[in-house]
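Data first, discussion second: the structure below is written as structure tokens.
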Amino acid sequence: MGAMQTVTAVAHRGDPYRFRENTVGSLRSALDRGADAVEIDVRLTRDGVPVLLHDETLRRLWEVDRPLGTLSAEELRGLTAGGVPTLAEALSATGDSRVMVDLCGRVDRRTVERTLDVVRACGARDRVLYSAHAEAMLAVRAADPGAEIALTWTTLAPPRPALLAAVRPRWLNYRFSLVSRELAARVHRDGYLLSVWTPDTRRSLTRLLDLGVDSITTNRIGLLHALRTSDR
């Protein structure tokens, strides 16, 4: 079976060209349009509630010039009319679908523990995987020896063997522009699955499908779904 059939289609922050990113509506739209999984960004409120927000502040998405870390979950709900979902709400809204949790910003032990606690409480451990840079993924691995991890990597130099041994990722998660046939072959030869982020053009998506990557995270989930089910 070729890459066209096997690639996992991951919706980046949901379906952001149609709905505001990292909202319940955006996640549901992506799943309705063929996504196998959704990628979400998680940060903590001041009182330690994991919520969906990529940025440190509410300015870009919600036109509120306040840092998330200064707000309680209740204050956040009031300022956004409930528009920023909690991680628990997002897990509920995605049903049985896969969810890639990207831990944003400075990730400390509290962030990891609160996030993993919610995933466990929601019974979602078997359908959640975690992505971020090495420091955050080391913290996830320490907190949950069985967690599924996609180690985000941003250089062509491969991760050190000692780091890979400590993190034990299932996936190596690369910026799409770094991926070549040689890199894909190396990742697979070393026993990992290859995920990429965030190609949005038809040309880039087609190139990556042809290279045989295992997962593509994109803002244009409808286009990816169409390409992977066509002869291109």
Side-chain angles (χ1 to χ4, degrees), residues 8-58 60-64 68 71-105 107 111-132 136 140 144 147-150 171 173 195 197-198 200 215-226:
T8 299
V10 182
H12 187 240
R13 307 177 193 170
D15 195 3
Y17 280 91
R18 294 191 170 203
F19 292 85
R20 190 163 6 201
E21 68 181 51
N22 278 320
T23 59
V24 166
S26 191
L27 303 181
R28 286 180 171 155
S29 176
L31 293 170
D32 287 345
R33 298 181 71 213
D36 301 312
V38 291
E39 183 266 359
I40 58 176
D41 301 298
V42 171
R43 293 178 180 269
L44 294 191
T45 59
R46 186 186 72 224
D47 50 343
V49 177
V51 298
L52 273 58
L53 191 70
H54 177 269
D55 303 352
E56 291 185 3
T57 78
L58 301 176
R60 175 174 63 91
L61 285 177
W62 300 96
E63 298 179 352
V64 176
L68 177 66
L71 301 171
S72 69
E74 184 178 354
E75 290 168 334
L76 175 66
R77 190 171 295 277
L79 287 170
T80 63
V84 176
T86 64
L87 175 58
E89 289 167 345
L91 291 173
S92 176
T94 52
D96 294 329
S97 297
R98 298 263 286 158
V99 178
M100 176 184 271
V101 172
D102 195 297
L103 297 169
C104 289
V107 178
T111 301
V112 168
E113 290 180 350
R114 292 292 175 93
T115 300
L116 268 61
D117 283 348
V118 169
V119 170
R120 288 191 194 98
C122 291
R125 189 168 171 268
D126 289 344
R127 64 185 179 94
V128 167
L129 67 154
Y130 301 91
S131 68
V140 168
D144 182 357
E148 183 176 348
I149 286 177
W171 306 79
N173 189 36
S195 60
W197 48 277
T198 323
D200 288 337
S215 176
I216 297 176
T217 302
T218 180
N219 292 298
R220 301 182 68 191
I221 198 65
L223 176 59
L224 174 57
H225 182 58

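Just so we're clear, the structure is a prediction, and the values are computed from it rather than from any experiment.
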Test log, rule side chain to side chain donor-acceptor pair (under 3.5 Å), inputs S72 and D47 | CA-CA 5 Å; S72 69; D47 50 343; 4.8 Å; no
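- A 4.5 Å side-chain heavy-atom check between V84 and L68 finds every atom pair outside the cut-off.
- For the residue pair T80 and L76, the shortest heavy atom distance occurs at OG1-O, 2.9 Å.
- With a 4.5 Å cut-off on side-chain heavy atoms, W197 and H12 do not count as touching.
- Annotation: side chain of D144 is in contact with side chain of R125 (closest heavy-atom distance under 4.5 Å).
- Of all heavy-atom pairs spanning G14 and A11, the tightest one is O-CB, 3.2 Å.
- Annotation for G83 and T23: closest pair O-CG2, 3.6 Å, computed over non-hydrogen atoms.
- When side chains are defined from C-beta on, V101 counts as touching I40, because their heavy atoms get closer than 4.5 Å.
- V118 and A88 make their closest contact through CG1-N, 3.8 Å (heavy atoms, listed as atom of the first residue, atom of the second, distance).
- The structure places CH2 of W62 at 12.0 Å from CG of D55, a figure rounded to the nearest 0.5 Å.
- Residues D117 and R114 are not paired through a salt bridge, judged by the lack of any N-O separation under 4.0 Å between the basic side chain and the carboxylate.
- Heavy-atom neighbours of E75 CD from other residues, nucleotides or ligands within 6.0 Å: above the threshold of 12.
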Evaluate the criterion side chain to side chain contact (heavy atoms under 4.5 Å, CB included) for residue pair V112 and V107; output intermediate values, then yes/no.
-> CA-CA 7 Å; V112 168; V107 178; 3.5 Å; yes
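- Considering E89, R28, R127 as possible partners of T94, the one that fulfils the side chain to side chain donor-acceptor pair (under 3.5 Å) test is R127.
- The shortest non-hydrogen separation linking D15 to S29 is OD2-OG, 2.6 Å.
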For side chain to side chain contact (heavy atoms under 4.5 Å, CB included), just list the numbers for L91 and V119, CA-CA rounded to whole Å, side-chain angles, deciding distance to a tenth of an Å, and then say yes or no.
-> CA-CA 8 Å; L91 291 173; V119 170; 4.3 Å; yes
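- The closest donor-acceptor contact from the side chain of N22 to the backbone of L52 lies at 3.5 Å or more, if one exists at all.
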Evaluate the criterion side chain to side chain contact (heavy atoms under 4.5 Å, CB included) for residue pair E56 and R43; output intermediate values, then yes/no.
-> CA-CA 8 Å; E56 291 185 3; R43 293 178 180 269; 3.7 Å; yes
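- With rounding to the nearest 0.5 Å, the separation of CG in L61 from CD in E63 is 9.5 Å.
- To the nearest 0.5 Å, the span separating CZ on R33 from CZ on R18 amounts to 3.5 Å.
- Counting heavy atoms from C-beta on, the side chains of L223 and T218 never come closer than 4.5 Å.
- Between V140 and Y130, the shortest heavy-atom distance links the atoms CG1-CD1, 3.9 Å.
- The structure places CG of L224 at 9.5 Å from OG1 of T217, a figure rounded to the nearest 0.5 Å.
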What do the steps show when you test L79 against L71 for side chain to side chain contact (heavy atoms under 4.5 Å, CB included), and what is the final call?
-> CA-CA 10 Å; L79 287 170; L71 301 171; 3.8 Å; yes
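- The backbone N or O of G25 lies less than 3.5 Å from no partner atom in the side chain of R20, so there is not a single donor-acceptor pair.
- Residues E148 and V128 fail the side-chain proximity criterion, which asks for heavy atoms closer than 4.5 Å.
- The line from CE of M100 to CH2 of W171 is 7.0 Å long, rounded to the nearest 0.5 Å.
- The CD atom of E21 sits 4.0 Å away from atom CZ of R60, with the distance rounded to the nearest 0.5 Å.
- Under the side chain to side chain contact (heavy atoms under 4.5 Å, CB included) test applied with D36, the options T8, I221, V10, L31 reduce to a single match, T8.
- Checked by atom type and distance alone, the side chain of S26 pairs as donor or acceptor with a backbone atom of R13 at under 3.5 Å.
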